[in-house]
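Residue numbers run from 1 in the order of the sequence given.
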Amino acid sequence: MARSLSPEEIQVFRDLFNSYDTDKGGNISVEEFAQVMSQSPGKPPSQEEVKKIIKEVDLDCDGTINFNEFITMMTGQPYPPQIQGEEEEYARAWKEYDSSLNGSITTSQFRQLMAGLGEPVSDGEVEQLMNNIDGEEKLSYREFVHFMKNRVAEIDIVNSYQ
């Protein structure tokens with residue numbers, strides 16, 4: 001099993017990524033990567049070689065390298081680490097609505113997702129959850145996982161008293 005990166009190692013990669021991302025757009029473009037590669041020792045790669053390198057590591061096929069893809073490229077292991085156990089089930093269910101795990105879903109999609117997991121939610125739970133987030137009535141994957149972990153913990157606590 002691959003070793004997890006420490007927060008310090010992630011910060012080193014973040015600093016390096018930010019130095020490559022000269023326009024601060026959150027992704028390393030072909031041009032930005034070509035600039036970095038041209039400063040490396042040896043013969044600089046052609047534009048086609050740079051595009052080929054990016055295509056190999058561009059997991060979301062947007063033509064750029066995002067931070068997660070950058071760490072994957074630098075370490076040779078998927079980043080963030082692959083989801084295990086319950087979170088794998090959450091990711092599978094979420095991907096029916098947002099395949100990237102980076103977008104958000106509506107209240108109605110959230111209800112459908114929960115029903116699909118066999119975990120129907122009350123109106124009160126939905127209202128409380130939506131009031132605790134950004135006010136756009138949309139839920140991100142990260143917020144969803146946080147909700148589910150809290151829900152599981154609450155159920156475990158209640159069950160421990162029965």
Original post:
Do you know the tightest heavy-atom contact between G63 and I54?
Top reply: O-CG2, 3.8 Å

**OP:** May I have the step-by-step check of side-chain contact (heavy atoms from CB on, under 4.5 Å) for F33 and V57, ending in yes or no?
**Re:** CA-CA 12 Å; F33 195 65; V57 298; over 6 Å; no

Subject >> Straight-line distance of I53 CD1 to D58 CG, nearest 0.5 Å >> reply: 13.0 Å

**OP:** Taking all non-hydrogen atoms of both residues into account, name the closest pair between P120 and E125 and its distance.
**Re:** O-OE1, 4.4 Å

Original post:
Under the 3.5 angstrom rule, does the side chain of K95 hit a backbone N or O of L101 as a donor-acceptor pair?
Top reply: no

Subject >> Heavy-atom check, side chain of Y97 versus side chain of F110, under 4.5 Å >> reply: no

Original post:
What orientation do F70 and F67 show, parallel under 30°, tilted 30 to 60°, or perpendicular over 60°?
Top reply: parallel

Original post:
Honestly curious: do L59 and I28 fall in one hydrophobic cluster under the side-chain, below-4.5 Å linking rule?
Top reply: no

**OP:** Please check if V12 and I65 belong to a single hydrophobic cluster, counting links between Ile, Leu, Val, Met, Phe, Trp and Tyr side chain heavy atoms closer than 4.5 Å.
**Re:** no

**OP:** Rounded to the nearest 0.5 Å, what's the gap from OH on Y90 to CE on M114? Could you check?
**Re:** 8.0 Å

**OP:** State the CD-CG distance between Q11 and D15, to the nearest 0.5 angstrom.
**Re:** 4.5 Å

**OP:** Would you please test E9 and T75 for side-chain contact (heavy atoms from CB on, under 4.5 Å) and show each step?
**Re:** CA-CA 11 Å; E9 290 169 318; T75 64; over 6 Å; no

Original post:
Would you call D123 and R111 a salt bridge, taking side-chain N to carboxylate O under 4.0 Å as the test?
Top reply: yes

Subject >> M148 vs L117, side-chain contact (heavy atoms from CB on, under 4.5 Å): CA-CA, chis, key distance, verdict >> reply: CA-CA 11 Å; M148 291 302 292; L117 286 172; 4.3 Å; yes

Subject >> Result of checking R142, K138, E143 against S140 for side chain to side chain donor-acceptor pair (under 3.5 Å) >> reply: E143

**OP:** Measure the CG-CG distance between N102 and N68 for me, rounded to the nearest 0.5 Å.
**Re:** 7.5 Å

Original post:
When rounded to the nearest 0.5 angstrom, what distance separates CG in N27 from CD in E32?
Top reply: 8.5 Å

**OP:** Look up atom CZ in F147 and atom CD in Q128, then write down how far apart they are to the nearest 0.5 Å.
**Re:** 8.5 Å

Original post:
Who passes side-chain hydrogen bond (donor to acceptor under 3.5 Å, both in side chains) against D98, sequence neighbours left out?
Top reply: W94, S100

Original post:
Hey, are K52 and E48 close enough for a salt bridge, meaning a charged N less than 4.0 Å from a carboxylate O?
Top reply: no

Original post:
What's the shortest heavy-atom distance between T64 and S29, and which atoms?
Top reply: CG2-CA, 4.1 Å

Original post:
Can F17 and M74 be said to form a side-chain contact (heavy atoms from CB on, under 4.5 Å), step by step?
Top reply: CA-CA 10 Å; F17 177 86; M74 299 298 283; over 6 Å; no

